[in-house]
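Structure record follows, encoded as structure tokens.
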2 protein chains.
Amino acid sequence: MGRNPEKNQKTREDRRTQILTASLRLFSARGLSATKVTDIAAAVGISQGLVYHYFGSKEEIYIALIAGAFERLNGAARELEALAIVPRDKIKMALGGLLKDLVENEDAARTQLLLSQATASEAIPDAARKLMERENRKLYAVIASIMRAGQEDGDLLDHDADQLAILFWSTIKGLAFHRVVQGAGFKAPPVAMLMRLFLEEIPRPHG
Amino acid sequence: MGRNPEKNQKTREDRRTQILTASLRLFSARGLSATKVTDIAAAVGISQGLVYHYFGSKEEIYIALIAGAFERLNGAARELEALAIVPRDKIKMALGGLLKDLVENEDAARTQLLLSQATASEAIPDAARKLMERENRKLYAVIASIMRAGQEDGDLLDHDADQLAILFWSTIKGLAFHRVVQGAGFKAPPVAMLMRLFLEEIPRPHG
DNA sequence: GTCTATATCCAGATAGAC
DNA sequence: GTCTATCTGGATATAGAC
């Protein structure tokens, strides 16, 4: 919009996205403090100083990544809750969607890794910690609440719903971890297999 | 042995252990690079310089922790393999033992966390990476091999054994993560629940 | 064995030219 | 918008006194 067409300079948003993408790769692989701004600049192909034209600090990039991740995840969670299907199928869909994302999109896996690391880390910016504690809680609560509903239906296993939610996310985090380590060769387990953790009755596949 | 009894100075081994213990706590919570040698010294209650009397560098401490962890895990794996019980029960025992350790011993959980982080990290010393790649492979192989044996018995689920091993360790890693985040309040899921992931036939508990 | 300097390096962030 | 140069702080590791 109103921009000189022959300049090959990137627009502000493009550059920010480039920086965020490169940073996700680096932060998830090395952690916040082992990632140098120089590394980010090099990955994008710009000078180190230029990074500060787009973000106030390295931590600001980190926070932006975390915030973006939660926005997407919470959006998906809200959509899931709104669906007119039975709780058991919501769990199946959530699991399936997350797994599919993990397999098809390395960045999705890296994002999960980043969130896990951030949750467990004492060495993240205060703003990030605040964000995490609040938003993470929501994600667990959504799953726990679906679990409870599924238990009333008699479809889902009759155990503490919060623990089931923990198991749900543990599994996702654990698999995201392997996805990143293994790279493209990663094969996700079939959703039906993971559903065994949560279903009251396991459907018999053979015969 | 032949040491002056009235000195309250620590023996070399005691100090090394103190440093290792404090470092496990810090490395697992902040990562290698965000942990300052000053932090370690402060946690132990000694001067920063003294740390270098016991270890050549920060990374040397890190490597010692990783190596120690694998020694213990591989020891347990070898014992497990040697047991005269059916494969299905070996899996149950491995799961139960790891879980019990996780719950009762925060350091065990932190050790798992450290190994996970190290596996996924590009920012670890070369010596540590070499170690990891070799030893980690062994741990997965042990579980995969037990899975295969259990499949021949018809006890364990008929899926790719390597994938089952990944699922096995994913679950442990995911739960170790939660254990560390949640602290002492953490409750592990019952082993029987996790066994649902691997058993061909799920025993019916109620009725 | 332990501590207090301190040398050295390196990374984050800023300034100013183009 | 982009780069190069630089300021500044902080962390690793060493040296040397006690």
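Heavy atoms only: backbone and side chains are in, while hydrogens, waters and symmetry mates are out. Keep in mind that what you see is a predicted model, and the values were worked out from it rather than measured. Sequence lines set the chain letters: A, B, ... in the order given, protein chains first and strands last, and positions in each chain run from 1.
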Exercise. Report the distance from atom CD1 of Ile19(B) to atom P of dT12(D), rounded to the nearest whole Å.
Key: 14 Å
Quiz item: When you check the gap from the basic side-chain N to the acidic O, do Arg137(A) and Glu133(A) get nearer than 4.0 Å?
Solution: no
Quiz item: Does a salt bridge link Arg25(B) with Glu122(A), judged by any charged N lying under 4.0 Å from a carboxylate O?
Solution: yes
Exercise. Rounded to the nearest angstrom, tell me the gap between atom CD in Glu60(A) and atom P in dG12(C).
Key: 15 Å
Quiz item: Under 4.0 Å: is that the gap between some side-chain N or O of Lys58(B) and OP1 or OP2 of dT12(D)?
Solution: yes
Exercise. Report the distance from atom OH of Tyr62(B) to atom C1' of dT12(D), rounded to the nearest whole Å.
Key: 18 Å
Quiz item: Looking for any heavy atom pair under 4.0 Å, which part of the strands does Ser33(B) touch: base, sugar-phosphate only, or nothing?
Solution: nothing
Quiz item: When the distance from NZ of Lys36(A) to P of dG10(D) is rounded to whole Å, what number comes out?
Solution: 15 Å
Practice problem: Grab the CD-C1' distance between Glu59(A) and dA13(C) for me, whole Å please. | Solution: 12 Å
Quiz prompt | Gln18(A) CD to dG1(D) P, straight-line distance once rounded to whole Å | solution = 13 Å
Quiz item: Does the pair Arg148(A)/Glu152(A) count as a salt bridge with the N-to-O cut at 4.0 Å?
Solution: no
Exercise. Mind telling me whether Tyr140(A) and Trp169(A) have parallel, tilted or perpendicular rings, with 30° and 60° as the class edges?
Key: tilted
Quiz item: Leu50(B) CG to dC18(D) P: how many Å, rounded?
Solution: 18 Å
Quiz prompt | Tyr54(B) vs dT2(C): side-chain N/O to OP1/OP2 distance below 4.0 Å | solution = yes
Practice problem: Please confirm whether any donor atom in the side chain of Gln48(B) sits under 3.5 Å from an acceptor in the base of dA13(D), or the reverse. | Solution: yes
Self-check item: dT2(D) OP1/OP2 closer than 4.0 Å to side-chain N/O of His53(A)
Solution: no
Exercise. Look at the aromatic rings of Tyr62(A) and Phe27(A) and report parallel, tilted or perpendicular, splitting at 30° and 60°.
Key: perpendicular
Quiz item: Can you tell me how far C1' of dT2(C) sits from CD1 of Ile46(B), to the nearest Å?
Solution: 9 Å
Quiz item: What nucleotide, of dC3(D), dT14(C), dT4(C), holds the atom closest to the side chain of Tyr52(A)?
Solution: dT14(C)
Exercise. With the side chain of Ser47(B) defined as its heavy atoms from C-beta on, choose the nearest nucleotide among dT12(D), dC3(C), dC3(D).
Key: dC3(C)
